Amino acid sequence: MKTGEDQEIQAGSMSAYDALAKLGVKGLDRVVAVKINGELADLTTAIDSQAELEPVYVNSTEGLQTLRHSTSHVMAMAVKDLFPGVKVTIGPAVEDGFYYDFDYERPFKEEDLPKIQEKMVEIIKKNIPFACTEMTSQEAIDFFQGLGEEYKVELINDLGAEKVSMYTQGSFTDLCRGPHIPSTGMIKAFALTKVAGAYWRGDEKRPMLSRIYGIAFENKKELRQHIKKVEEAKKRNHAKLGPQLGLFNTYDEIGSGMIVWHPKGAMLRHILETFEIREHLKRGYELVKGPSLLKTELWNKSGHFEHYREHMYFTEIDEQSYGIKPMNCLAHMLIYRSKIRSYRDLPKRYFELGTVHRHERSGVLHGLLRVREFTQDDAHIICTPQQLNDEIKGVLDFVRDIMGIFEFDYELEVSTRPEKSIGTDEDWDMATNALRNAMEDSHLQYDINEGDGAFYGPKIDVKLKDALGRRWQCSTIQCDFTLPERFDLVYIDKDGKKHRPVMIHRVILGAIERFVGILIEHYAGAFPTWLAPVQAVILTVTDRNIPHGEEVLRTLKEANIRVDADFRNEKLGLKVRESQLQKIPYMLILGDKECDIKGVTPRLRDGQNLPLMNTKEFIDLISQESK
RNA sequence: GCCAGCGUAGCUCAGAUGGCAGAGCAACUGAUUUGUAAUCAGUAGGUCGGGGGUUCGAUUCCCUUCGCUGGCUCCA
């Protein structure tokens, strides 16, 4: 909708809000901002010429961002009021809410939150307007210096702009790009959720600030729904479900970041691993296996000792220093180098389910998703530069196929050269372009993650979400021009001369541990039949049915079905309940009726009963489903 | 590693100003022979995460250490 079609608007300057009102926009009380010629702006912005106006409603993505951002300003105001001497830094909107980082004489505690929240409610009730003013950077610096707000001064200096915008609500003025809601009264539903430490500007060498997180929604109902959603998601938490389902456990006395796989979990891994081996063999990979301990000298040659030492464990054998492998590439390269290779032999694709150890800092460990010992479905593809593009595309297809089987949505990122890295600029450019080209050729959407590559090359990362929406890197495809150089890998080309091959490091699931963690949350523990460690359980009704039960058990085992039996002298209701809690796909009810025809009555996890059938029919049914 | 929170029976959780540690479920034993999400009764189960200190006395207060959770940083 346009202003200026209306004479009155064109004639004199008026606020965007008044203009929208004049234009007859409905639901103005739910409009938090405006887009002027596509640019997000405050409702108080003056309109004095013809412009394209679009109302931004509170329930839109941008509307919620604005609301959340303004809520963070209200929080900063409350905190400044309650804790004299506190210094403010930044306070953006994030997914579902906002945070603000403060520097105070002591970190904030959870018990501080109710007080702050109360103060915020007070501010909201007063319905204080947000006012935007512009000033020169020097004026702003003088202003903040007068208040002792050194962080703001640093921000303005780094902005290096001539002018900056400032937002004031009541007694609180903050450097801010905006826009903001018209006044604090528009905040209808928020809650402060947690406190956390955060380094100033994300740099661990700079001061640790105290961050307060909050959530904000359009109304109380949405807020309640969100809280409920988070509670539901917590029930899917793999760290809780895993031990309950008998998959794995951790033990204080073993140490952190180390997983102990119980029978069902070890079975689940076995299923995943055999599936993976099959899929790799299908695609022209060869199985290999390297040792866990390799001489430190070799890690030195590869550059790991220089660039990755702090993540590695070392030991000594016969006065010789060894490093425990944090990656599987070295042995694969030695396998390649063990023979003279012709261009006709390439690409070589070496696959290993390689168990690696990495020293992760204690604070980052997280259930199965971040551990110190894990197994990668790792492969190294050694190919000619001409083959690089096709090989990367091949891996991207592989990723798409596998993620499709598990019904995962994923996000792609290309990570570029980090500060700590080896290799020439030309090599990095070539490798980075190869990755981007393969993505473009496959018509894939991706983000760029500057400076986040491995030390030896750029990479494509595939991120999956856990139950709480946190993103975890699983697949990764890394391009490497450097290690082939260091290890002098060569192939003989058509011209009879030695040439340098390229190496791709890649994983599909990533780490089996992490992937299982995500899988548990993805399926809420109710794995599809082909993955379920226990596919069926035989539930007898009375002791009379045990002989037939044993026969069915034997028959199903012979048919390679992963079957358990519950022959206890307990009521059927109890057995059904317990199997249900274990999320076993099929419960085979076995009473007198079933004994008569030598069959079973399958009951599904969703409570549905299949008709009485003989054992052979059930085997056909479940075999079909298990692929 | 840093900031905050947490650690009581296998699990979920009570508990007290510092004075013999409590429930439900699970486990075990017995009875029951049962038809689609919990049969009844009884028994047993704890260095209150570990170590040190203060105290007549510590699960409780203090220090330290291990582990977990949510963030930061880092990463599969």
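Here the structure is a predicted model, which is why all the values come from computation and not from measurement.
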Handout entry: Nucleotide nearest A:D252 (side chain, heavy atoms from C-beta), chosen from B:rA4, B:rA76, B:rG67
Key = B:rG67

Problem - Base B:rG71 paired with A:Y199 side chain (donor-acceptor, <3.5 Å) - result: no

Problem - Side-chain ion pair, A:K463 and A:D447, N-O less than 4.0 Å - result: no

Exercise for the section: Nearest whole angstrom, please: distance from the C1' of B:rA76 to the NE2 of A:H366. Expected result: 14 Å

Practice task
Measure distances between side-chain N and O atoms of A:E594 and base N and O atoms of B:rG35, and say whether any donor-acceptor pair falls under 3.5 Å.
Solution key: yes

Handout entry: Side-chain donor/acceptor of A:R361 to base of B:rC75, under 3.5 Å
Key = no

Practice task
Report yes if a side-chain nitrogen or oxygen of A:K205 is closer than 4.0 Å to either non-bridging phosphate oxygen (OP1 or OP2) of B:rC2; otherwise report no.
Solution key: no

Handout entry: Ring-face cation contact, A:F98 with A:R68, 6.0 Å cut, 45° max
Key = no

Exercise for the section: Could you check which of B:rU73, B:rG35, B:rC3 has an atom nearest any side-chain atom of A:V364? Expected result: B:rU73

Problem - Of the listed nucleotides B:rA37, B:rC74, B:rU39, the one nearest the side chain of A:R370 - result: B:rC74

Practice task
Could you check whether A:V195 gets within reach of a base, just the sugar-phosphate, or nothing at all, counting any heavy atom under 4.0 Å?
Solution key: base

Handout entry: Of A:R603 and A:F374, the one whose closest RNA chain B nucleotide lies more 5'
Key = A:R603

Problem - Options B:rU33, B:rC72, B:rA76, nucleotide nearest the side-chain atoms of A:Q473 - result: B:rA76

Handout entry: Between B:rG5 (P) and A:L192 (CG): distance, integer Å
Key = 16 Å

Exercise for the section: Once you apply the 3.5 Å cut-off to both distances, tell me the Watson-Crick or G-U wobble partner of B:rU69, or none. Expected result: B:rA4

Completion exercise
Against the side chain of A:H311, the closest entry in B:rC74, B:rC2, B:rU36 is B:rC74

Practice task
Indicate whether OP1 or OP2 belonging to B:rU36 is found under 4.0 Å from a side-chain N or O atom of A:K571.
Solution key: no

Exercise for the section: Check whether the ring centres of A:Y456 and A:H307 lie less than 6.0 Å apart, and answer yes or no. Expected result: no

Fill in the blank from the handout: Closest of B:rA27, B:rC75, B:rG35 to the A:R514 side chain is B:rC75

Practice task
Nearest whole angstrom, please: distance from the C1' of B:rG67 to the CG of A:N249.
Solution key: 13 Å

Practice task
Assign A:I589 to base, sugar-phosphate, or nothing according to its heavy-atom contacts below 4.0 angstrom with the strands shown.
Solution key: base

Handout entry: Neighbour count above 12 (heavy atom, 6.0 Å) for A:K289 NZ
Key = yes

Problem - Aromatic contact, A:F102 with A:F83 (centres under 6.0 Å) - result: no

Practice task
Using a heavy-atom cut-off of under 4.0 Å over every strand shown, decide if A:K194 touches base, sugar-phosphate, or nothing.
Solution key: sugar-phosphate

Problem - Whole-Å gap separating P (B:rG5) and CZ (A:R211) - result: 17 Å

Practice task
Measure the distance from CE on A:M258 to P on B:rC68 and round it to the nearest whole Å.
Solution key: 11 Å

Practice task
Using whole Å, report how far CD of A:Q244 lies from P of B:rC25.
Solution key: 18 Å

Completion exercise
Here the distance between atom P of B:rA76 and atom CD1 of A:I460, to the nearest Å, is 14 Å

Exercise for the section: Could you tell me the separation between the CD atom of A:E204 and the P atom of B:rC72, rounded to a whole number of Å? Expected result: 13 Å

Problem - Under 3.5 Å donor-acceptor, A:K598 side chain and A:V552 backbone - result: no

Practice task
Measure from the side chain of A:A196, starting at C-beta and using heavy atoms only, and say which of B:rG71, B:rC75, B:rA76 lies closest.
Solution key: B:rG71

Handout entry: Minimum-distance nucleotide (side-chain atoms of A:R470 versus B:rC3, B:rU39, B:rG71)
Key = B:rG71

Exercise for the section: For A:S256, answer base if it contacts any base atom (sugar-phosphate contacts may also be present), sugar-phosphate if it contacts only those atoms, and nothing otherwise; contact means non-hydrogen atoms under 4.0 Å. Expected result: sugar-phosphate

